[in-house]
Amino acid sequence: MTPVENDRLVLRARELLAAHPVVDGHNDLPWALREQVRYDLDRRDIAADQSACLHTDIPRLRAGGVGAQFWSVYVRSDLAGDEAVSATLEQIDVVGQLLARYPGDLARATTADGMESARAEGRIASLMGAEGGHSINNSLATLRALHTLGVRYMTLTHNDNIAWADSATDEPGVGGLSPFGHEVVREMNRVGMLVDLSHVAATTMRDALAVSVAPVIFSHSSARAVCDHPRNIPDDVLALLPANGGVAMATFVPKFVLPEAVEWTRRADENMRAHGLHHLATTPDAMKIHRAFEEANPRPVATVATVADHLDHMREVAGVDHVGIGGDFDGTAFTPAGLEDVAGYPNLIAELLRRGWSEPDVAKLTWNNAVRALRDAESVAGSLRHRPPSNATLAELDG
């Protein structure tokens, strides 16, 4: 493709995104703000260019055509019990601070209608997703409280198993979902909180899909058939999404999309731990360690085409009504070429247009599917209003 042809496709992508902006399923800006500046927003004013230290700021969100963002209120899974709950509340609080600080650009949204209203106002709809069931400390009342505070999805696990659900990156524990895990899914359906199956074991994915009567999502996962990493979605699970109505949102993390990057990242993570740092850390000191390792060990580089390969496969297996985007920006040290930050979405859309994706199909990918999944979850919750809140406990159901 000539530079002129590429520029034409990027321009077309920008025009399309103006009408059908990106709903991104997962952005870890709140955790980056916690790690880098302990929520001091004066030191990370995202109204200005923050490219020296973050993947995300408002000018780049605008340049990328982002119309709605699920801000992850993630806390590390080595936090447990009430400590995890408190840290999650702090994450929710900083999202509220961002909304109060930038009301002309960010709009709180808790419903599909709220997403549409924000888009009509020219603001970025801001939703929240909790990343890991450890955030509720085995309490359905805490789950409901998070929903009351505006959390609209919960990833059932992060990188480690919890008492009632198995993670993709841990040894099998309960074999998927325990009876209490089933009750968590049912209660999420009842209140209208999307069940997020990123990070969970394939057994957990299948169990959750068997229990959930509302659409599930994968907020940031790609196709295991294209890159054989346990964080990705097997084809048999992708094939279940049409019956469920769910949406698989492809992520950009190189170790999840590029097979050559899997082993390199394992060694990079070991290097971080050898320096006494958490392997997911993205603080300035951590990035110095990352960059020194990369200089000595050249990194396999994923590209926009790498991500598009996953989306092509996911569309083929699950159907175009069940795909979306969840970049995981500010939650990863490395990003693909062309998708270096949140301004890169037009490059991905241009690549999909080059591959023959129609404009209606792109509109489903970027906006329509995610909004529809949330709306359907709200409808299911409305139909379950007759059901009283569950006060079941882990001890009662799992013994």
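Just so it is clear, the model here is predicted, and its values are computed rather than measured. As a basis for the values below, the full set of heavy atoms in this structure was taken, side chains included, without hydrogen atoms, waters or symmetry mates. FYI, the numbering just counts along the sequence from 1.
Checking each of Leu197, Val185, Leu194, Val380 against Ser212 for a side-chain contact (heavy atoms from CB on, under 4.5 Å) leaves exactly one that passes, namely Val185. For the side-chain contact (heavy atoms from CB on, under 4.5 Å) criterion with Val216, the lone passing option out of Leu240, Leu209, Leu156 is Leu209.
Side-chain contact, Arg231 with Ser221: a donor N or O sits under 3.5 Å from an acceptor N or O. A side-chain donor from one of His313 and Asp235 sits under 3.5 Å from a side-chain acceptor of the other. Side-chain contact, Ser139 with Asn137: no donor N or O sits under 3.5 Å from an acceptor N or O. In summary, the side chains of Asp160 and Ser167 do not present any donor paired with an acceptor at a separation below 3.5 Å, with no hydrogens or angles considered. A side-chain N or O of Trp357 and one of Asp312 form a donor-acceptor pair less than 3.5 Å apart. For the residue pair Trp164/Asn138, the side-chain donor-acceptor check at 3.5 Å is satisfied. Residues Arg34 and Gln91 have side chains that never bring a donor and an acceptor to within less than 3.5 angstrom of each other. One side chain, Asp196 or Ser219, offers a donor N or O that lies under 3.5 Å from an acceptor on the other. With 3.5 Å as the limit, one finds no donor-acceptor pair spanning the side chains of Glu340 and Thr335. Under 3.5 Å, the side chains of Asp93 and Gln97 contain a donor-acceptor pair of N or O atoms. Judged by distance alone, the side chains of Asp24 and His26 never bring a donor and an acceptor atom under 3.5 Å apart. A side-chain donor from one of Ser126 and Trp71 sits under 3.5 Å from a side-chain acceptor of the other. Side chain to side chain, Asn27 and Thr56 meet the donor-acceptor criterion of an N or O pair below 3.5 Å. In this model, a donor atom of one side chain and an acceptor atom of the other lie less than 3.5 Å apart for His199 and Glu131.
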Query raised in the report: Where do Leu365 and Val320 land on the side-chain contact (heavy atoms from CB on, under 4.5 Å) test, with the steps shown first?
Result: CA-CA 7 Å; Leu365 170 76; Val320 74; 5.9 Å; no
Requested in this report: Starting from the C-alpha separation in whole Å, work towards a yes-or-no answer on side-chain contact (heavy atoms from CB on, under 4.5 Å) for His322 and Leu238.
Outcome: CA-CA 9 Å; His322 305 284; Leu238 285 171; over 6 Å; no
Query - salt bridge (charged side-chain N to carboxylate O under 4.0 Å, His left out) between Arg354 and Glu351, intermediate numbers included - result: CA-CA 5 Å; Arg354 187 187 69 77; Glu351 174 65 16; 2.7 Å; yes
Query raised in the report: Should Gln69 and Met128 be marked as a side-chain contact (heavy atoms from CB on, under 4.5 Å) after you check the CA-CA gap, both sets of side-chain angles, and the distance that decides it?
Result: CA-CA 8 Å; Gln69 180 66 68; Met128 290 183 287; over 6 Å; no
Query raised in the report: Stepwise, does the ring-ring contact (aromatic ring centres under 6.0 Å, His included) test hold for His310 with Phe256?
Result: CA-CA 10 Å; His310 283 265; Phe256 302 151; 9.9 Å; no
Report task. Take His275 and Asp285 through the side-chain contact (heavy atoms from CB on, under 4.5 Å) test and state the conclusion after the steps. Result -> CA-CA 11 Å; His275 283 83; Asp285 286 344; over 6 Å; no
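Of the charged side-chain nitrogens involved, none lies within less than 4.0 Å of a carboxylate oxygen, so that Arg267 and Glu270 do not count as a salt-bridged pair. A salt bridge does not link Arg375 to Glu378: none of the charged side-chain nitrogens sits closer than 4.0 Å to a carboxylate oxygen. A salt bridge is defined here as a Lys NZ or Arg NE, NH1 or NH2 lying under 4.0 Å from an Asp or Glu carboxylate O, and Arg315 with Asp321 fails to meet this definition.
The two atoms that bring Val75 and Ser135 nearest to each other are CG2-OG, 3.8 Å, heavy atoms only. Between Val301 and Ala337, the shortest heavy-atom contact is CG1-CB, 4.0 Å. Here the closest heavy-atom approach between residue Leu311 and residue Gly324 is recorded as CD2-O, 3.7 Å. Across all non-hydrogen atoms, the minimal contact from Ala165 to Thr204 is CB-CG2, 4.3 Å. Counting all heavy atoms, side chain and backbone alike, Ala377 lies closest to Ala214 at CA-CB, 4.2 Å.
Between Phe329 and Leu29, every side-chain heavy-atom pair lies at or beyond the 4.5 Å cut-off. Looking only at side-chain heavy atoms (C-beta outward), Arg62 and Ile124 come within less than 4.5 Å of each other. Within the 4.5 Å cutoff, the side chain of Ile325 has heavy atoms near those of the Tyr345 side chain. In this structure the side chain of Leu17 reaches within 4.5 angstrom of the side chain of Ile349, judged on heavy atoms. With contacts defined as side-chain heavy-atom distances shorter than 4.5 Å, the pair Trp264/Asn297 qualifies.
Take Arg144 and apply the side-chain hydrogen bond (donor to acceptor under 3.5 Å, both in side chains) test, not counting sequence neighbours, and it matches Glu187, Asn391.
For His290 and Phe334, the ring centers are positioned less than 6.0 Å apart.
Taking a 6.0 Å sphere around CZ of Arg385, one finds it holds 12 or fewer heavy atoms contributed by other residues, nucleotides or ligands.
The closest donor-acceptor contact from the side chain of Arg355 to the backbone of Ala305 lies under 3.5 Å. Side-chain atoms of Asn159 never come within 3.5 Å of backbone atoms of Thr169 as a donor-acceptor pair (strictly under, hydrogens ignored). Looking only at distances, no side-chain donor or acceptor of Asp341 sits under 3.5 Å from a matching main-chain atom of Arg60. Under the 3.5 Å distance criterion, the side-chain polar atoms of Asn232 are matched with a main-chain donor or acceptor of Ser222. Under a 3.5 Å cut-off, the side chain of Arg123 and the backbone N or O of Pro103 do form a donor-acceptor pair. When atom types are taken as modelled, the side chain of Ser198 and the backbone of His220 share a donor-acceptor pair closer than 3.5 angstrom. Looking only at distances, no side-chain donor or acceptor of Glu35 sits under 3.5 Å from a matching main-chain atom of Ala281.
Using a 4.5 Å cut-off between side-chain heavy atoms of Ile, Leu, Val, Met, Phe, Trp and Tyr, with links allowed through other members, Val371 and Val66 fall into different hydrophobic clusters.
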